[in-house]
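Chain A is the first sequence line, chain B the second, and so forth, proteins listed ahead of strands; every chain is numbered from 1. Only this structure's heavy atoms are used, side chains among them; waters, hydrogens and symmetry mates stay out.
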Number of protein chains: 2
Amino acid sequence: MSLSPVAKEMSIPVIKTACSNCNLRELCLPFGLSEEEMARLDELINVRKRVKRGEHLYRAGQPFESIFAIRSGFFKTDVLLEDGRDQVTGFQMAGELLGLDGISTEQHSCNAVALEDSEVCHIPFSRLEQLSREIQTLQHHFHKVMSREIVRDHGVMMLLGTMRAEERLAAFLLNLSQRFTARGFSHSEFNLRMTREEIGSYLGLKLETVSRAFSRFQEEGLIAVQQKHIRILDIPGLKQIMSHHNH
Amino acid sequence: MSLSPVAKEMSIPVIKTACSNCNLRELCLPFGLSEEEMARLDELINVRKRVKRGEHLYRAGQPFESIFAIRSGFFKTDVLLEDGRDQVTGFQMAGELLGLDGISTEQHSCNAVALEDSEVCHIPFSRLEQLSREIQTLQHHFHKVMSREIVRDHGVMMLLGTMRAEERLAAFLLNLSQRFTARGFSHSEFNLRMTREEIGSYLGLKLETVSRAFSRFQEEGLIAVQQKHIRILDIPGLKQIMSHHNH
DNA sequence: CCTTGCGGTTGACATGGATCAAACCCCCCG
DNA sequence: CGGGGGGTTTGATCCATGTCAACCGCAAGG
């Protein structure tokens, strides 16, 4: 029996799993499925993997076979250009899917790296397609998830194309806050899992600029920063900064 | 019988169509389908609309019911933020799909505007889902198209996040050239359908910067510009500019 | 307890692209 | 044929962010 290239390279342990009793089912793929349908999804998603902080879940260029649902933890995806430039294209948290970019060419087009010890559910894509031919709700929900990814990317393009540094960071913090809230965590207090450099890469800024913007927000009483620990003190204030287009 | 809101507002004429004899079928949704499968797709895609230059195919906020395949012509999509900022999120040409962003919320999330007189095929989305539950090839191809859109967006994020003005414009021209080539047009000579301002919006630059970059490319003998008419003289040169990261 | 190193902060300065302004060109229309 | 307007080009100047460099502070390991 041969391990997949991914598992071989990274030696990622494997665990049994079940959507039907996963507390993320309202955020993740099973959303909207009946008991019976979810049981069928369970048959398909029966492998869970641990990915330790710093490990790659997959790398650009590897053959695409599965998408992954994050069960716990935190990831970044990034793209590397031939000339050495790279950029973080997203940060993903529990309940979100990883690997959708690989469908188009049957190869992953970016790297996915765990920013903290994480667990993912392994979803063989051809079996997901098969099941979504049989379960309309699943099919439609999957299409919505892919579409949401496109809309999200448009938002990032907007941010990169039209916003200044502080606006970008405010947008970033508000987005994180909102996603933590949706997962039942505090909306006003959390730990960043990524470095200033990774934030900068995602926002199209240098790490010094990110750091300065954090300091400025703190001076203005909008947030309290201590290393990676963030407390958001003034959400309306951040929102105002985000849309303070009148230079 | 009542017209759809779109048709009512824009009064877009309606024509019969067929994928099976469309010369774009190798680029568009029918890719990879058998004769018989294509015939079934034809049943679904039986309405073609003309959209005149400057008209909206759809607007952000309108209910989403269909996606559109461009049969001929040229479109831009753009997003408008509450604070007045807007950005072009893409330019689409024949054989490409419009409207995928609307699946996620059942509402279009951007505006689609024709940049020249165009024709689109109207594809009712729920019927497409139905058919793709029956035809595996279609289903898989549709997923690939959505995924390709995500990958494309990552490319734009890369461009906006890490490239300087001339690199962005070089990348833009090379991309256009390559897409024209794939459609059987000259790869070295074409007319831009969009203004400098629209290019700038897409690339996260001001129109003056775009104009200056065009002039510079011309001085350097990389291209010949005359208004909207572009002749690409030195593709390797443009590629080199694009990846000239060593500031 | 000290060392080492990585990530973060802060300051001084450089610069690419934005901004403001003027002029130009092409096309349309009277 | 002349005027007008949108789009484009070009120049002068400004400023946000990048760049370079020093320093700080926490955490891991000897």
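In this structure, B:E208 atom CD and D:dT8 atom C1' are separated by 10 Å, rounded to whole Å. The distance from atom CZ of B:R216 to atom P of D:dG11 is 13 Å, rounded to the nearest whole Å. One atom, CD of A:Q226, and another, P of D:dG25, lie 12 Å apart when rounded to the nearest Å. The interatomic distance linking A:R53 (CZ) with C:dC6 (C1') rounds to 11 Å, in whole Å. Remark: P of C:dC6 and CD of A:Q227 are 16 Å apart, rounded to the nearest angstrom. Nucleotide D:dA27 holds its P atom 14 Å from the NE2 atom of A:H229, rounded to whole Å. If you take NZ of A:K228 and P of D:dA27, they are 12 Å apart, rounded to a whole angstrom. Going from atom CG of A:N191 over to atom P of C:dG7 covers 17 Å, rounded to whole Å.
When the side-chain nitrogen and oxygen atoms of B:K206 are compared with OP1 and OP2 of C:dC20, none of them lie within a distance under 4.0 Å. Considering only side-chain N and O atoms, A:T209 lies under 4.0 angstrom from the phosphate OP1 or OP2 of D:dG18. Close to C:dT10, at under 4.0 Å from its OP1 or OP2, lies a side-chain N or O of A:S215. Note on A:S211: every side-chain N or O is 4.0 Å or more away from OP1 and OP2 of C:dG8. Using a 4.0 Å cut-off, no side-chain N or O of A:R212 falls inside it from OP1 or OP2 of C:dT9.
Between B:E116 and the choices B:R193, B:R53, B:K228, B:K52, the salt bridge (charged side-chain N to carboxylate O under 4.0 Å, His left out) rule is met once, by B:R193.
Among the protein residues, A:G204 comes within range of the sugar-phosphate backbone only, with heavy atoms under 4.0 Å from sugar or phosphate atoms but none that close to a base. Residue A:L207 is classed as a base contact, given a heavy-atom separation below 4.0 Å to a base.
Note on B:R183 versus B:E96: salt bridge recorded, some NZ/NE/NH1/NH2 to OD/OE distance being below 4.0 Å. A salt bridge links A:R152 with A:E149: the closest approach of a Lys/Arg side-chain nitrogen to an acidic carboxylate oxygen falls below 4.0 angstrom.
B:L238 and B:L222 make their closest contact through N-CD2, 4.0 Å (heavy atoms, listed as atom of the first residue, atom of the second, distance).
Ring to ring, A:F185 and A:F190 are not that close: their centroids are 6.0 angstrom or more apart.
In the set C:dC26, D:dG18, C:dG17, the nucleotide with an atom closest to the side chain of A:L205 is D:dG18.
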